Each structure stands twice: as C-alpha cells, then as structure tokens.
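Just so you know, these numbers come straight off a predicted model, no measurement behind them.
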Amino acid sequence: MYFNEGQSPGNIYSAHPQLVKRYLGIFESPMAIIRIMRSKPDAFILEEVKPEAWVTPHNLLEADRILPALRSDTISYGHSRRDRITMKTSSSPPAGTDRNPFVHELKFSMTDKIKIGVMSVTVFPVRLLLVSFFMLLAWPFAFTASLGRSELVPDPQSWWRRIIDLCLRVIMRAMWFCGGFHWIKVKGERAPPSEVPILTVAPHSSYFDAIPVTMTMCSIVTKLESRSIPVWGTLISYIRPVLVFRSDQSSRRKTVEEIKRRAQSGGKWPQIMIFPEGTCTNRSALILFKAGAFIPGLPVQPVVLRYPNKLDTVSWTWRGPGAFKILWLTLCQPHNSVEIEYLPIYHPSVKERENPALFASNVRKLMAEALEVPLTDLSFDDRDIILSHGPLRIHDHTSLLHFNQLLGQLGLKSGSAGDRLQEEARRAAKLQGDRLGLEDFAQFLSLPVTDTLRRVHMLFHQDGDGKIDVRHYVTALSTVKRPHKPLDTLKLAFQLYEDDSGGVTGDDLAAILEIMLGVKEVELSPLFLELEAQHTAKITYDELQRLVEKRPHFSVDCLSFKDHPRGGCIGRLNGCNGHNKDD
C-alpha cells in the first residue's frame, strides 16, 4: 500500500490511527509482520516482511532479532539525535556494582516454605513472647541507670552502675538466645577503651547488628529519632549514644565534633562503636566509609560481622523485606549464626591522620580482605539514585553516579543544596543556552579551576569546542540531588529551556530526558504518537506531566533510546505482553 507524496507522518497517523499507534511502524499479524518503510522523503510503503520465526500476536516481538535492518528502515517521528552528547558516560562503572548493595531479595524453596509455615505456628509465637519479655525486663534497669546523667561528662563507675551493666548484658544475651542466636562466635580480642577509643564495624546490614553493641555496651552513633522508639529507645539512651539528625548539616558537624571529643578523652568515655558505611546493605560489597570515625586521627580497631546462614533472613535493606518480616523470618529459623571478629588495631600513618578519607579507605580495604568481599564506589548518598523508580526512573546509573561522586569531591554535597540548586538554575536560565568554557564554568560555580572541576566540565562537552551548555549541568544536578522527585527536575528543566511562547522543542526535551534517565540517543517517536502531535510542535510541561502521571511505565512505553529494556519492542503504546518488574 502506497501513500502519495506530500503526506507527512502526521497525515499517515490521522489516516490510519489504529495501525500506526499500535506498534509504531512494526505491526504483526498471525501470518506476517508489516513495517512502514520510507521510500522517498515524503513517501512511505507498508511492506509485508516474512519473519524468520513464527510470531503470534501474544508473543513479545524481538524486532532486532527478526529484522536486523529495522533500526535504519523504521519510520521515526522524532529527531534522530545520535550525534548529541548531553552527558558523557564514565569510562568505567563504579566498581563492585554487579549486585545492588541496597536491594535484598529472598527466594524460598518449597522445603523452606514448609519449614517457615510450621515454625510460624509453633516456635515463632513462643520466641516472640520471650524476646519481648526480656526486652521489657531490661527497660527498668536501663531507665534507672540513665537517671541523673549529664550529656557532657562521663559517668562515675559506681558499684551499683556496674551491677546494672552486668544485669543488662545477661538479660540481652538471654534475649538473643531466645531469638535463635544460640551461639555467638567471637574471634580476636577487643582492645580496651584507653588504647582504642573507636571500633569500626562493617558490614552494616540489619538491626541484628545490635548484638555486638549489647555484648560490649559500647556507645554508638545513631539517628536522633531512635531515642523515641518505645523501650528500645531507653536502652539506646543507656549506652550514651552520639546522636545525629541526618538532614541537618550543622547536626552532622556537631556529631563529628562530639566523636572527636570523646575519642580524645583518654578512655574516660565508653568506646564508640561506629558503622562507617552509614546505612544497611546486603553485605555483597563494602560501600564507601564515612569519614567521621577517622577524623580524630586516632588508632581504630576494625570489627567485621558475618551471618553464615544458609538462608539470609537478617538483611534489612532499602528495598526488600520490611522490619517485621525480617523479624518473623529470623525467629522462624531453627538456629541463626553470627560471627564477630576483632581485627588487629589499625594505627594511622602521618598521611592518614592528615587525610581522614585516605584513612577510611585503607581501613575499608583491610576489612574487605578479611570478609572476602569486593569494594564498591557507591555510598549512602548514592542510595536514592540506585533505587530510583517510577515513570521517570533512572535506567543507567553510571554517569549520574560518577557525576555525584565528583560533586562530593568538589564539596557540593553539603550545605543548603536546595537553595544552591535554585540559584544556579536562575542564573543558568539567564544565560539562555550560552555555552561556557572551563574558566567561565568555574566562575559560574564560584569555585577555583581544579582537576575535579575539569572532569565535571568534560562530562558535558558536546562539540569538542571546550564549552558546555550549563543547563545540562543544572538538570543533572537536580537529578542527583532529588532522584525521588523527577517531576520537580522535569519542571525545573522546562523553566530553563522554554521561551516566551511556552513549551520546549523535541530536541531540547530529548536532551533533558537523556540526562534524567541516564540514557543515550533518545527519540520521541512514541511520545509524539501518544500526544497525537506533529514532531515539529513544542511540548508543554503540563501535557507531559499529565502523560507521565497517567503512564506508570512512561519511559519504557513512550520513549525510544539506546539499550531500551524491551529491545526491538520499543514504542509499543499498548504495551508488550506485560511489564518487567523493574520497568
């Protein structure tokens, strides 16, 4: 079937809406596959193509496998932007990221399910009752010992406090025993507080990591809101924690100062047990350590934790089983193993005392070797980027993670990030797309020209002229600062790019989406079809927002880009045969 010259893609769509909208130029029937092929600049042919294998309407069409030349022949309603480089990919992905350390998935065999079912109605209720009893029993001891304490001076070790401390250790050990932790294997020897004021513990993967804390009654660094937890909050207060309010930068700074003050007290304060990762992971790798434990420049004793169980029911990560499910599954296990190993004391060198980041890195390497796990360049601050989800989820994290790490080296992760972002967006809008060289970029950020800044600048090079569109930088900055609020980033980007007439062009929108999604070669063919708009028309934020909110898999359904998760099935607006879990 031929279309007359002069008919545009929009005309074809108007004439054959169901055909074109169904598979965007790739159509299947029980007997054949049909594609739209460009014949002349304004002429198109519907051609029947015999498939290499039988394809039914209910099967997923792997177009790249069946039609190898499809990419070059298929009609495209958007602009081909394969020469556009909005944000360069890092030369190498973060090390050790084959398995996401912030995700934990449990898989049960039929035997496991039967065991858990039997234990749930027999052992679990008894264990839960006993654990609750011992925790409640510990509360009056902890409350009494906490009376009359000062936050600024250490406790005098009176005889009655020593007795309470001993009672609490016995009670807590009984609680863990009733929870299935019958034998706790301890390797090595813990150094005294006068010799080592700080113990660094890793990996941090669960609230069961409290086991070594209750065995030693060391102080810990914990969130301020932990004190408000009924019963458990009183137990936390007893061990004299260093409290931190994560979202308050001044609170984080005071926390580091308090750690330093206690560490330099000559053993008057209890040892501080610090989990330098700063968050829970699945123990598949050691993420970057925070520098707080290493700023005092004093010797530390590394402590490694292992849970050598066949079924990992203890890991409590940001995506996976919730707190109660972890408790239920763990109490349903006949026995839970845990190993605590105290490694030799680590004495920092002169360079390490002057550079806490180097100190932390070297201790991390030592602990990774003891655990026999890899290192990863991911950190707590990268968590939201890795775990982004929703209609505008990040598909490839590599470039954005690299960019976020460079921001940390520039010191741009701290302070009032939101205020700084808005100010830089306002100034970027005034530039109206003017391109900046390295020195102008440094002036824009009010930073000196350094090697790190040069690397940030190079991420956004486009035409090899040594200049960048600073709007790309601001879009990337907003993406990594608030990956859980992609519509806010999209709105900000529209404000940067739209002119007085309103809306942005297809080229500009493709550039925005490439940065936000971390992908390359975005084409808007499916999007224009869905909006029933000409490819030359501008798109407004309101109409795009409505479409994003309507389509939970917007980036997969309405966009085409390199390494699309559906391969040749790009652009099927009615969806393929279901969605992938990660879409």
Side-chain angles (χ1 to χ4, degrees), residues 85-92 94 248-250 252-254 256-257 260 288-292 294-295 297 348-362 377-382 385 398-483 489 492-493 496 511 515:
I85 302 177
T86 50
M87 188 173 181
K88 293 180 181 176
T89 304
S90 174
S91 58
S92 59
D248 184 356
Q249 188 62 29
S250 63
R252 298 171 71 175
R253 185 168 56 252
K254 290 176 182 177
V256 172
E257 293 173 356
K260 190 173 182 179
L288 293 175
F289 282 4
K290 290 181 175 292
F294 308 95
I295 288 176
S349 65
V350 175
K351 287 185 177 180
E352 289 172 328
R353 285 196 294 269
E354 294 173 350
N355 186 349
L358 176 63
F359 188 5
S361 177
N362 290 338
D377 292 336
L378 299 174
S379 70
F380 171 79
D381 296 321
D382 300 320
I385 299 175
T398 307
S399 295
L400 290 169
L401 287 173
H402 181 54
F403 175 62
N404 198 39
Q405 290 160 8
L406 291 176
L407 290 179
Q409 295 174 26
L410 288 173
L412 298 180
K413 284 187 179 181
S414 59
S416 302
D419 294 340
R420 185 184 184 102
L421 174 62
Q422 293 300 325
E423 172 60 22
E424 290 180 354
R426 183 185 62 80
R427 289 189 283 120
K430 286 184 176 181
L431 290 173
Q432 296 182 339
D434 288 348
R435 297 157 60 73
L436 303 181
L438 179 59
E439 293 184 0
D440 291 333
F441 182 58
Q443 186 176 358
F444 177 85
L445 297 179
S446 301
L447 292 174
V449 176
T450 61
D451 181 61
T452 302
L453 185 67
R454 184 176 288 105
R455 289 161 65 191
V456 171
H457 188 263
M458 289 180 63
L459 281 177
F460 300 95
H461 277 185
Q462 290 176 292
D463 302 324
D465 59 355
K467 295 183 178 181
I468 68 170
D469 185 340
V470 76
R471 295 176 298 182
H472 295 166
Y473 165 81
V474 174
T475 302
L477 180 65
S478 179
T479 301
V480 300
K481 290 293 184 183
R482 44 188 186 181
T489 294
L492 178 68
L496 294 175
I515 294 172

Side-chain donor or acceptor of Gln405 paired with backbone N/O of Asp377 under 3.5 Å: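 Here the side-chain-to-backbone pair exists.
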Ser478 side chain to Val474 backbone, donor-acceptor under 3.5 Å: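 Side chain of Ser478 to backbone of Val474, a donor-acceptor pair under 3.5 Å: no, none is there.
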Show the nearest heavy-atom pair for residues [X] and [Y], with the distance to one decimal.
X: Pro448; Y: Ala442; value: C-CB, 4.4 Å
X: Arg420; Y: Leu445; value: NH2-O, 3.1 Å
X: Asp469; Y: Gly433; value: OD1-CA, 4.2 Å
X: Gly297; Y: Pro348; value: O-CG, 3.5 Å
X: Ala360; Y: Lys290; value: CB-O, 4.4 Å
X: Ala425; Y: Leu496; value: O-CD2, 3.2 Å

Asp382/Asn404 under side-chain hydrogen bond (donor to acceptor under 3.5 Å, both in side chains): CA gap, chis, key distance, verdict: CA-CA 8 Å; Asp382 300 320; Asn404 198 39; 2.9 Å; yes
Do [X] and [Y] have side chains that approach each other closer than 4.5 Å (heavy atoms only, starting at C-beta)?
X: Leu421; Y: Arg482; result: yes
X: Phe444; Y: Glu424; result: yes
X: Ile468; Y: Arg435; result: no
X: Asp434; Y: Asp440; result: no

Intermediate values then yes/no, side chain to side chain contact (heavy atoms under 4.5 Å, CB included), Leu459 and His402: CA-CA 9 Å; Leu459 281 177; His402 181 54; 3.9 Å; yes
Evaluation steps, side chain to side chain contact (heavy atoms under 4.5 Å, CB included), between Tyr473 and Leu436: CA-CA 11 Å; Tyr473 165 81; Leu436 303 181; over 6 Å; no
Non-neighbouring partners of Arg454 that pass salt bridge (charged side-chain N to carboxylate O under 4.0 Å, His left out), sequence neighbours left out: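 Partners of Arg454 by the salt bridge (charged side-chain N to carboxylate O under 4.0 Å, His left out) criterion come out as none, since no residue qualifies.
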Residues that Arg426 engages under salt bridge (charged side-chain N to carboxylate O under 4.0 Å, His left out), provided they are two or more places apart: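 Applying salt bridge (charged side-chain N to carboxylate O under 4.0 Å, His left out) to Arg426 gives Glu423.
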Ring geometry between Phe460 and Phe403 (parallel below 30°, tilted from 30 to 60°, perpendicular above 60°):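 Correct class here is perpendicular.
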Gap separating the [atom1] atom of [X] from the [atom2] atom of [Y], nearest 0.5 angstrom:
X: Glu354; Y: Glu352; atom1: CD; atom2: CD; result: 11.0 Å
X: Thr479; Y: Leu400; atom1: OG1; atom2: CG; result: 6.0 Å
X: Leu407; Y: Thr452; atom1: CG; atom2: OG1; result: 10.5 Å
X: His461; Y: His472; atom1: NE2; atom2: NE2; result: 13.0 Å
X: Thr398; Y: Ile385; atom1: OG1; atom2: CD1; result: 11.5 Å

Chi angles and distances behind the side chain to side chain contact (heavy atoms under 4.5 Å, CB included) call for Leu410, Thr450: CA-CA 9 Å; Leu410 288 173; Thr450 61; 4.0 Å; yes
